[in-house]
Amino acid sequence: MSPEGTAGQPKLPGTMVYTYLGPEGTFTEAALLQVPGAAEAVRIPSTSVTSALEMVRSGHANAAVVPIENSVEGGVSATLDAISVGQPLRILREILVPITFVLAVRPGIELEDIRKVSTHSHAWAQCRNWAELNIPKAEYLPASSTAAAAVGLQDESSGFDAAICAPLVASRLGLNVLARDIGDISDAVTRFILISLPGLLPEPTGADKTTVVIPLPEDRPGALMEILDQFSTRGVNLSRIESRPTGAFLGDYFFSIDADGHVSDARVADALKGLHRVSPELRFLGSYPRADHRRAQVLPHTSDSAFEAADQWLESLING
């Protein structure tokens, strides 16, 4: 724990300042409110993931909360791309939020009146089957967030009749709710991250996660296997691996990876050293507690004591 109060967070004068993917009432704000002390801190909504991270990089916010993964749609591309380039950042914790959607309308609108519905693309993907059954004539209009769709609904010139959003924002805005729990998968969850400038890492808990971004140094047979081998030979399990285009040219990719364990664990540290030899542009995004508190399975030969014994054995050979 750093002297500022939360591991890795920079110290801004006065009250802690957080930013999040807005507007108010998003699931991201709900995730932020799970962070200890956030309810009493200054909370500033940002219009995009990029702008939220820029507030942190510029020192206008201590930390940001942004979505990174959804149990239905997978990784959030905007976040994966934004944290992989630019000034380095560190993930301090992850937050899991169960996702429940409602269909909200302006007063006087009924289900049969809906011709256009707006929401975020991830929300639409999670409610598409419900929409096809219940509002089959409705056209989908993308929005920057579920809350933005709800806010836009207040303007009759917005061009849509309904919004798929969180119950919280529908209630705050006084919208009529025609249907609740409309998600196609009842136990959908979105994973959010609290991210700040680099600083002291959160202490290891035994139930941790390490996130890295690994550019593929060379497009050749076995290049990806060489990266994965750094983890497998050291007994490090991967809970997520996704490829993303770098944007440099067609076929140029980096890999965003979550590994079980903390960088202070010998097996994880050794894997990262091996990865750095293979891909020197490796970007370390942090080691932090798992939100589900699930401890990593560590085989005896990949334990810290096994690595320490191996180091001592090798030293005895060198020193006679």
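Computed from a prediction, not measured in an experiment: that's the story for all the values here.
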[X] versus [Y]: any side-chain heavy-atom pair under 4.5 Å?
{"X": "Asp161", "Y": "Asp113", "result": "no"}
{"X": "Pro67", "Y": "Leu21", "result": "yes"}
{"X": "Val278", "Y": "Asp229", "result": "no"}
{"X": "Phe101", "Y": "Trp124", "result": "no"}
{"X": "Phe255", "Y": "Val212", "result": "no"}
{"X": "Ser243", "Y": "Phe254", "result": "no"}
{"X": "Val66", "Y": "Ile83", "result": "no"}
{"X": "Leu194", "Y": "Tyr288", "result": "no"}

Indicate if [X] and [Y] have the same hydrophobic cluster label, given that clusters are the connected sets of ILVMFWY residues with side-chain heavy-atom separations under 4.5 angstrom.
{"X": "Val298", "Y": "Val236", "result": "no"}
{"X": "Ile164", "Y": "Leu178", "result": "yes"}
{"X": "Ile227", "Y": "Val263", "result": "yes"}
{"X": "Ile182", "Y": "Val169", "result": "no"}
{"X": "Leu175", "Y": "Val105", "result": "no"}

With distance as the sole test, does [X] use its side chain to make a donor-acceptor pair with the main-chain N or O of [Y] at under 3.5 Å?
{"X": "Glu29", "Y": "Gly25", "value": "yes"}
{"X": "Gln230", "Y": "Glu226", "value": "yes"}
{"X": "Thr19", "Y": "Ala64", "value": "no"}
{"X": "Arg267", "Y": "Phe231", "value": "no"}
{"X": "Ser58", "Y": "Glu54", "value": "yes"}
{"X": "Asp260", "Y": "Ala296", "value": "no"}
{"X": "Thr26", "Y": "Ala147", "value": "no"}
{"X": "Ser171", "Y": "Leu168", "value": "no"}
{"X": "Asn70", "Y": "Val76", "value": "no"}
{"X": "Arg294", "Y": "Ala291", "value": "no"}

So does Arg244 pair up with Glu242, basic N to acidic O under 4.0 Å?
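No salt bridge links Arg244 with Glu242.
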Hey, are Asp270 and Lys273 close enough for a salt bridge, meaning a charged N less than 4.0 Å from a carboxylate O?
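The answer is yes: the pair qualifies as a salt bridge.
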Can you tell me how far the [atom1] atom of [X] sits from the [atom2] atom of [Y], to the nearest 0.5 Å?
{"X": "Thr211", "Y": "Ile91", "atom1": "OG1", "atom2": "CD1", "result": "4.0 Å"}
{"X": "Leu272", "Y": "Leu282", "atom1": "CG", "atom2": "CG", "result": "6.5 Å"}
{"X": "Thr190", "Y": "Gln126", "atom1": "OG1", "atom2": "CD", "result": "5.5 Å"}
{"X": "Leu201", "Y": "Ser264", "atom1": "CG", "atom2": "OG", "result": "8.5 Å"}
{"X": "Thr119", "Y": "Leu153", "atom1": "OG1", "atom2": "CG", "result": "11.0 Å"}
{"X": "Phe192", "Y": "Arg93", "atom1": "CZ", "atom2": "CZ", "result": "14.5 Å"}

[X] versus [Y], closest heavy-atom pair with distance:
{"X": "Pro88", "Y": "Leu197", "result": "O-CD2, 4.4 Å"}
{"X": "Val117", "Y": "Ala138", "result": "CG1-CB, 4.2 Å"}
{"X": "Gln34", "Y": "Val97", "result": "NE2-CG2, 3.6 Å"}
{"X": "Ala38", "Y": "Arg43", "result": "O-NH1, 3.3 Å"}
{"X": "Ser287", "Y": "His262", "result": "CB-CD2, 3.5 Å"}
{"X": "Ser196", "Y": "Leu92", "result": "CB-CD1, 3.8 Å"}

Can you confirm whether Arg180 is buried at CZ, in the sense that more than 12 heavy atoms of other residues, nucleotides or ligands lie under 6.0 Å from that atom?
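For Arg180, atom CZ is not crowded (no more than 12 foreign heavy atoms under 6.0 Å).
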If you count every heavy atom of other residues, nucleotides or ligands that lies below 6.0 Å from Glu281 atom CD, does the total exceed 12?
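Atom CD in Glu281 is not packed in, count stays at 12 or less.
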Can you tell me which residue pairs pass the side chain to side chain donor-acceptor pair (under 3.5 Å) test with a partner in residues 295-306, sequence neighbours excluded?
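Output for this query lists Ser303-Ser305.
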Under the side chain to side chain donor-acceptor pair (under 3.5 Å) definition, can you give me all pairs with a residue in residues 132-153, not counting sequence neighbours?
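Of all non-adjacent pairs touching residues 132-153, none passes side chain to side chain donor-acceptor pair (under 3.5 Å).
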Whether the Ser84 and Arg283 side chains hold a donor-acceptor pair (N or O, under 3.5 Å, no angle test) is what I'd like checked.
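No donor-acceptor contact under 3.5 Å links the two side chains.
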Which residue in the set Arg191, Arg240, Arg290 passes salt bridge (charged side-chain N to carboxylate O under 4.0 Å, His left out) when paired with Glu94?
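With Glu94 as partner, Arg191, Arg240, Arg290 yield a single salt bridge (charged side-chain N to carboxylate O under 4.0 Å, His left out), made by Arg191.
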Non-neighbouring partners of Asp265 that pass side chain to side chain donor-acceptor pair (under 3.5 Å), sequence neighbours left out
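Here no residue qualifies.
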Please evaluate residues Ser256 and Glu69 with respect to the criterion side-chain contact (heavy atoms from CB on, under 4.5 Å), reporting the C-alpha separation (whole Å), side-chain torsions for both, the decisive distance (0.1 Å), and the verdict.
CA-CA 12 Å; Ser256 178; Glu69 184 181 11; over 6 Å; no
